[in-house]
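The basis for the numbers below is simple: all heavy atoms, side chains too, and nothing from hydrogens, waters or symmetry mates.
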Amino acid sequence: MAILINDIRLSKQRIELTKSIAFIYLIDDIFDLYGTPDELAIFTEAVDKWDYAAIDKLPEYMKMSYKALLDTINEIARMIFEKHGHNPINTLKETWASLCKAFLVEGKWFADGEYLPSAEEYLSNGKVSSGVHVVLVHLFYILGFGGTHNQGAILLEQNSTLISSVAAILRLSDDFGNAKDEQQNGKDGSYIEYYMRDNHGVSFKQAREHVINMIASEWKLLNKECFDVNHYSPTLSFYREACLNLARMVPLMYSYDDNQKLPILEEYVDLMLLKPKSSEHHMHI
């Protein structure tokens, strides 16, 4: 998370944001690998209610994750209230409900195969299931923006294009087909697959080129939102930079090689975490 908010003074904020990202991956695995359709519907309903009493209705293996989610996000909201004077829990929990509903929709599509979405419908839902909205809304409030509930909603709405573009870049890059996790037992859709189905006669190569152009178009929208002087906001400049940094991370996150590894990302991690420690060790010697 250092690349999103790299101010050395914001260590606590990075930790809290990392917690929300960890839960996105955890819930994704529940939906993709473990839950039955009925269990996932119950879990989604529980998240929508955001009530500890709902734990009793969940399967045993979901109970700990559900309680941990509520504990963690409620604590983040409490921390924001203590530091900035407003409690965004209603907005935060809405992002988790939206995420689970998007996961549930995808699960229904991929499980029975009776209904195949159009490419446009798939992408619209996929931008939500990417988790980007969860991350950037949490980041927005963790950084102290929002003020009153209405002010926060207005500011987030003003930045909705920015959030949507980052989500589209991540989802399309994820679907681009650079790699398939051989250990993944779940079923995943692909924008390329649905685009080819919607446009008969389009080759796989042409579909990939179309996705590349779509990603480029989203980058243009994102750059416009971040750098257009007519939309510039000194107050939100730091937040917008963080959003831009998330989009910049995407190529690193999906730069798989033929061995299903991420050598470029590994190199960055090595430079940031391992080599400085190694250098310090040698200095002491």
Answer yes or no: does atom [atom1] of [X] have more than 12 heavy-atom neighbours from other residues, nucleotides or ligands under 6.0 Å?
X	atom1	answer
Tyr115	OH	yes
Met253	CE	yes
Leu116	CG	yes

Joint cluster assignment, [X] & [Y], ILVMFWY side-chain distance < 4.5 Å:
X	Y	answer
Val137	Tyr239	yes
Val128	Val166	no
Leu221	Ile169	no
Ile15	Phe81	no
Trp50	Met62	yes

What heavy-atom pair brings [X] and [Y] nearest, and what distance separates the two atoms?
X	Y	answer
Ser164	Lys127	OG-NZ, 2.9 Å
Leu143	Phe238	CD2-CE2, 3.8 Å
Met196	Ser203	CE-C, 3.9 Å
Ile142	Ile80	N-CD1, 3.9 Å
Tyr66	Phe43	CB-CE1, 4.1 Å
Lys63	Ile55	CE-O, 3.4 Å

List the steps, then state whether side chain to side chain contact (heavy atoms under 4.5 Å, CB included) holds for Glu120 with Asp198.
-> CA-CA 10 Å; Glu120 182 179 354; Asp198 291 347; over 6 Å; no
For the [atom1] atom of [X] and the [atom2] atom of [Y], what is their distance to the nearest 0.5 Å?
X	Y	atom1	atom2	result
Ser20	Ile76	OG	CD1	5.5 Å
Asp56	Asp51	CG	CG	10.0 Å
Leu69	Cys100	CG	SG	7.5 Å
Leu99	Leu104	CG	CG	11.0 Å
Phe204	Glu193	CZ	CD	10.5 Å

Could you tell me whether the side chain of [X] and the main chain of [Y] form a donor-acceptor pair under 3.5 Å?
X	Y	result
Ser165	Leu162	no
Asn125	Glu121	no
Arg240	Glu225	yes
Ser98	Glu94	yes
His210	Gln206	no
Asp28	Ile24	no

Does any non-hydrogen side-chain atom of [Y] lie less than 4.5 Å from one of [X]?
X	Y	answer
Asn245	Met249	no
Arg208	Lys205	no
Asp32	Phe103	no
Lys93	Ile73	no
Phe31	Thr44	yes
Tyr141	His86	yes
Ile27	Ser65	no
His138	Leu92	yes

In a check of side-chain hydrogen bond (donor to acceptor under 3.5 Å, both in side chains) between Asp175 and each of Tyr195, Tyr191, Tyr122, Tyr194, which one passes?
-> Tyr122
From the list Arg14, Lys12, Gln13, side-chain hydrogen bond (donor to acceptor under 3.5 Å, both in side chains) partner of Glu16 resolves to Lys12
Classify the side-chain pair Glu106/Ser129 by whether it contains a donor and acceptor separated by less than 3.5 Å.
->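 Note: Glu106 and Ser129 side chains meet the donor-acceptor criterion.
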Under 3.5 Å, is there a donor-acceptor pair linking the side chains of Tyr52 and Asp71?
->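 Yes, a side-chain donor-acceptor pair sits under 3.5 Å.
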Applying the side chain to side chain contact (heavy atoms under 4.5 Å, CB included) test to Ser173, which of Val211, Ile212, Val250 qualifies?
->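 Testing Ser173 for a side chain to side chain contact (heavy atoms under 4.5 Å, CB included) against Val211, Ile212, Val250 leaves exactly one candidate, Val250.
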Could you give me the CA-CA distance, side-chain angles and deciding distance for Glu218 and Arg171, then say whether side chain to side chain contact (heavy atoms under 4.5 Å, CB included) is met?
-> CA-CA 11 Å; Glu218 294 296 341; Arg171 171 54 64 204; over 6 Å; no
Could you walk me through whether Leu244 and Asn223 pass the side chain to side chain contact (heavy atoms under 4.5 Å, CB included) check?
-> CA-CA 8 Å; Leu244 187 62; Asn223 286 330; 4.0 Å; yes
Residues Ile21, Thr18; criterion side chain to side chain contact (heavy atoms under 4.5 Å, CB included); working and verdict = CA-CA 5 Å; Ile21 294 173; Thr18 300; 5.5 Å; no
